[in-house]
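To start, the structure under review is shown below, and the notes come after it.
Naming convention: chains lettered A, B, ... in sequence-line order (proteins, then strands); numbering from 1 in each chain.
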2 protein chains.
Amino acid sequence: MGESATLRTAPSAPRKRDAEATRLAILGAAKIHFARLGYECAALRDIATEAGADVSLIKRYFGGKEALFAAALNDSFSGNAARDWNRETFSRDIATMMADDTHVDEDRTLRFKFLLRAATSPTTAPLLNLAMQERFLAPIRDWLGGECAPVRARVLAAVYIGFLVERLIRDRPLIGEEREVFIASAAAALDAVLQPAP
Amino acid sequence: MGESATLRTAPSAPRKRDAEATRLAILGAAKIHFARLGYECAALRDIATEAGADVSLIKRYFGGKEALFAAALNDSFSGNAARDWNRETFSRDIATMMADDTHVDEDRTLRFKFLLRAATSPTTAPLLNLAMQERFLAPIRDWLGGECAPVRARVLAAVYIGFLVERLIRDRPLIGEEREVFIASAAAALDAVLQPAP
DNA sequence: TCGCTATGTCAACCGCGGTTGACATAGCTC
DNA sequence: GAGCTATGTCAACCGCGGTTGACATAGCGA
């Protein structure tokens with residue numbers, strides 16, 4: 001992660017007074033810390049330090065820890081949005097993506113760790129749910145369309161998340177026939193959800 | 001919640017002095033609290049209170065918070081749930097379980113929440129990602145059997161985990177037709193994975 | 001130049017919660 | 001009953017960390 005390239009100037013030449021830059025530095029540091037440590041273990045003082053700012057600025061610019069988390073969560077989702085998938089190849093595309101190695105996209109992985117940690121903390125689970133609804137579920141729902149789109153979007157999102165978790169904890173790359181079977185099975189699962197309810 | 005049926009006698013008739021009973025009460029309360037709240041959010045005072053004991057006894061009987069967690073983890077594993085699912089109704093059973101929140105305190109689910117929460121806490125993560133594979137992936141693989149069982153177990157586990165996470169962050173119960181559609185979709189996804197690869 | 005305000009700094013506050021040791025007492029042995 | 005030990009109770013300690021408000025100052029407009 002090439003984070004804080006803009007912050008490294010801190011010791012010798014203190015950053016010029018720039019609220020927006022500081023805000024962004026804090027936000028960036030927050031995303032990393034929350035992703036690495038989870039909501040409870042991430043300390044505002046550490047985040048502020050890494051951002052080259054003071055703790056109290058977090059209150060001023062965001063309001064508090066929970067609000068900062070919400071902002072970071074929101075920001076994490078922003079890159080993900082409303083990609084238009086080809087309906088015909090959707091399942092296989094996703095399945096292939098999940099089968100192949102993850103280290104290409106470190107940023108995406110970090111973002112997901114963020115989500116997973118958020119999901120397993122009682123404090124942040126509601127926040128995540130909210131963000132999920134707006135940023136993730138809603139697009140899927142619209143994309144799905146049809147009768148029971150909201151619920152089916154839930155199921156689709158669940159399956160998708162499951163694959164992400166699996167890929168996150170996978171110890172070795174899938175190769176050869178193994179990979180083929182994985183893709184086939186995963187695509188089948190996705191396809192099954194895509195079919196309109198009977 | 002119907003837990004601590006054995007502890008409810010506390011106010012009127014204090015439990016007879018019995019080290020082993022107290023130890024077990026603490027252990028039981030710990031398993032529940034750690035599963036519900038995760039390592040960092042679970043408070044020793046709460047655990048002790050629910051067990052009808054004093055905080056300091058935790059130190060005496062276990063040594064500290066981390067040691068208590070380890071003990072709880074160990075104990076969670078000791079009662080193995082090598083539950084044999086009916087192959088015919090497997091998908092629908094799982095799907096229904098995921099749709100309803102009433103099963104939340106069921107042993108198996110509680111144990112898994114325990115794992116999931118533990119795996120996402122930096123304090124306890126290292127041991128547990130491994131444990132998850134041993135305790136979760138291996139049984140599924142054996143249960144599936146057949147040619148490409150290992151990979152298909154991965155996919156099945158992934159889908160399962162996805163549903164679990166979804167339920168973990170779900171804000172309101174699914175009711176009526178919503179619930180039906182959820183079960184149908186989820187079961188379809190699971191069924192798709194259960195089919196041998198083409 | 002003179003303020004005024006936005007930005008940044010500092011130190012204290014305060015509760016939470018894990019840890020600790022001193023003390024009380026039940027239940028057993030003699 | 002006397003005394004001993006295992007068990008349970010109580011209160012305090014202490015650091016961590018989120019929060020807060022008072023203060024300093026850069027940068028800008030008048």
Side-chain angles (χ1 to χ4, degrees), chain A residues 4 6-7 9-30 33-34 36-72 117 121-124 127, chain B residues 4 6-7 9-30 32-34 36-72 117 121-124:
Chain A
S4 66
T6 61
L7 322 172
T9 56
S12 52
R15 181 173 52 231
K16 281 190 72 167
R17 296 200 162 192
D18 182 344
E20 192 51 24
T22 313
R23 225 194 81 100
L24 286 180
I26 291 175
L27 197 59
H33 277 246
F34 282 138
R36 292 220 180 108
L37 302 173
Y39 179 77
E40 8 274 343
C41 289
L44 291 192
R45 280 181 173 84
D46 294 342
I47 292 176
T49 300
E50 178 161 328
D54 187 90
V55 206
S56 62
L57 291 183
I58 292 182
K59 179 200 164 78
R60 183 172 298 163
Y61 289 141
F62 295 93
K65 191 180 192 182
E66 249 187 79
L68 174 61
F69 183 87
R117 297 222 185 281
S121 156
T123 320
T124 55
L127 291 176
Chain B
S4 67
T6 61
L7 322 171
T9 55
S12 52
R15 181 174 49 230
K16 281 190 74 167
R17 297 199 163 195
D18 182 342
E20 192 50 24
T22 315
R23 226 193 80 101
L24 286 180
I26 292 174
L27 198 59
I32 295 172
H33 278 245
F34 281 137
R36 289 216 183 113
L37 303 173
Y39 179 77
E40 10 273 343
C41 289
L44 291 191
R45 279 180 174 84
D46 294 342
I47 293 176
T49 299
E50 178 162 328
D54 187 89
V55 206
S56 62
L57 292 183
I58 292 183
K59 178 198 162 84
R60 184 173 296 164
Y61 290 140
F62 295 93
K65 192 180 189 180
E66 253 187 77
L68 174 62
F69 183 87
R117 294 223 187 278
S121 156
T123 324
T124 51

Would you state whether a donor and an acceptor, one from the side chain of A/Ser56 and one from the base of C/dT9, lie under 3.5 Å apart?
yes

At what distance, to the nearest 0.5 angstrom, does NE2 of A/His33 lie from CG of A/Leu44?
10.5 Å

Whole Å only: how far is the CD1 atom of B/Ile58 from the C1' atom of C/dG17?
11 Å

Calculate the interatomic distance between A/Tyr61 atom OH and C/dT7 atom P; express it in whole Å.
5 Å

With each end axis built from five pairs of C1' atoms, what bend angle do you get for the helix from C/dT1-D/dA30 to C/dC30-D/dG1? Round to 10°.
10°

Determine all donor-acceptor pairs shorter than 3.5 Å in which one atom belongs to a side chain in residues 57-69 of chain A; sequence neighbours excluded.
{"from": "A/Lys65", "atom 1": "NZ", "to": "A/Tyr39", "atom 2": "O", "distance (Å)": "2.9"}
{"from": "A/Lys65", "atom 1": "NZ", "to": "A/Ala42", "atom 2": "O", "distance (Å)": "3.0"}

Atom CG in B/Asp54, atom OG1 in B/Thr22: separation rounded to 0.5 Å?
11.0 Å

Only counting residues at least two apart or in another chain, list the ones meeting side chain to side chain donor-acceptor pair (under 3.5 Å) with B/Thr49.
none

Below 3.5 Å is the cut-off: list the nitrogen or oxygen pairs between protein and nucleotides 27-30 of chain C, distance only.
none

Set of residues satisfying side chain to side chain donor-acceptor pair (under 3.5 Å) with respect to A/Thr123, sequence neighbours excluded
none

Nearest 0.5 angstrom please: B/Ile32 CD1 to B/Leu27 CG, how far?
10.5 Å

Please give me every residue in residues 37-46 of chain A whose heavy atoms get under 4.0 Å of an atom in DNA chain D, ordered by residue number.
A/Ala42, A/Ala43, A/Leu44, A/Arg45

Without decimals, in angstroms, what is the distance between B/Leu68 CG and C/dG17 C1'?
14 Å

Rounded to the Å, how far apart are B/Ile47 CD1 and C/dG17 C1'?
12 Å

Quick note, A/Asp54 side chain, CB onward, closest among D/dT7, C/dC10, C/dT7 is C/dC10

Is there a side-chain contact between A/Lys65 and the phosphate of D/dG18, meaning an N or O under 4.0 Å from OP1 or OP2?
yes

Counting only side-chain nitrogens and oxygens, does A/Lys59 get under 4.0 Å of the OP1 or OP2 atom of D/dT20?
yes

Nucleotide C/dC10, atom C1' - distance to CG of A/Leu57 in whole Å
12 Å

